[in-house]
Amino acid sequence: MPEWHELGSRYLMNTIKRFPATMVRGQGVRLWDDQGREYLDFVGGWAVTCLGHAHPAIVAALTRQAQLLTQSSLYHYNVPQVQLAELLVKNSCLDRVFFCNSGAEAVEGAMKLARKYARTHRDGAYEVVSALNSFHGRTLATVAATGQSRYQEPFLPMPDGFTNVPYNDIEAIKKATTDKTCAVLLEPVQGEGGVNLPSEDYLRQVRRWCDEQGLVFIMDEVQTGIGRTGTLFAYEQFGVEPDVMTLAKGLGGGFPIAAILAKEKFSVFVPGDHGSTYGGNPLACAVGHAVVSYVLENDVPGQVRRVGKHFTSRLLDMKERFPVISDVRGRGLLLAMEFSRDIADDVQLACLDRALIINRLKPNAIRFMPALVITEAEVDEGVDIVRQALEQVLAKQGR
Ligand SMILES: Cc1ncc(COP(=O)(O)O)c(C=O)c1O
């Protein structure tokens, strides 16, 4: 058998530090590598595989649709596209959908939509205010919106029209707003930037400000959407409605699909304004429809609330026992554990040695974003491994 990871390191671009293992199969919250080693997966394809690996509902939708129609031109409607759009609209506060292929593409399209809206409603304003420690994707415009200098610096200069302000600071948004501002772009819970929760009133204050100023409020729910935080969309928990929302990740449960949703008033694209060859293709939409239907029919958000509460209380128990754990935070099944020292790399490696896959979020924090259908027993299994890993790391460092 070829050494896939050696071949991979020769042929693939070097964009991330990969571990020398090659995954070949998944089932539920388990993965298997090419050596037959079994792993417990608490990363879930980066908060993507909401129904777990190889879920029968996804496999059935994929195979059924693959035999019917995988791609048609943008000239025509296709059935799964319309069905998924209807399902999303009927279960959200938004009215219209544009399908695309990745989170970054959705956010970039949402910003184009806001610029288009501002052409007629705000005298051609074009600037987007977004938050420090946000994450919105890897295209040039979404990197500019992403308020983390490490993603921007290698590619300077950034495109014009983006301002990054501290999260949870309404005054900073007010100060940054000028007559050139067209939109505020925020994650309802910041994912990649640290699993940072909004303070009690923040999103409502932003909503009010956007209403007063005529700004488009774009919520990036690429990571939080489709049940991840315990409601179908995270905005539901904060008493605000976005004007425009982006989805990806969980929407396809592992099949690439993304979407921009907008209220009628903000759906200002006209033919020719925007497009995407694969956007809304029947295969992706059939899978998306199967995923969202399953999530709704089986009250997956309710399960996320229950299991997430259990997960959080297990992590808080650990915090009681290990003073090096400085914080446990998150919502639903988007959780982070922060340390008072930079031990996240070591903890991640020690978990991997024990066949648990976790995300090293920051030098001093790890993140958990498993499949939404994970059971309490599987959570316990993983948390026990995290505890053992942490004990090993601390023992090595002499505490
Ligand atoms: C909130 C948010 N927006 C956008 C993106 C970019 O999504 P993608 O990697 O599919 O382009 C991510 C990815 O992690 C994300 O978490």
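As the structure is a prediction and not an experimental result, all values here were calculated from the model. Both ligands and their constituent atoms are indexed starting at 1 by order of listing.
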Pairing residues for L132 by the side chain to side chain contact (heavy atoms under 4.5 Å, CB included) criterion, not counting sequence neighbours:
N164, P166
If the criterion is any heavy atom closer than 4.0 Å to an atom of ligand 1, which residues make the list?
S102, G103, A104, F135, H136, G137, E187, E192, D220, V222, Q223, K249
I'd like to check V304 versus T229 (side-chain heavy atoms, cut-off strictly below 4.5 Å). Are they in contact?
no
Do the rings of Y167 and Y202 sit parallel, tilted or perpendicular, given the 30° and 60° boundaries?
perpendicular
Is it the case that R37 places NZ or CZ above or below the six-membered ring of Y39, under 6.0 angstrom from the centre and within 45 degrees of the axis?
yes
All ring pair (Phe, Tyr, Trp, His ring centres under 6.0 Å) counterparts of F269, not counting sequence neighbours
H274
What residues form a side chain to side chain contact (heavy atoms under 4.5 Å, CB included) with A145, not counting sequence neighbours?
M111, S130, H136, F162, L185
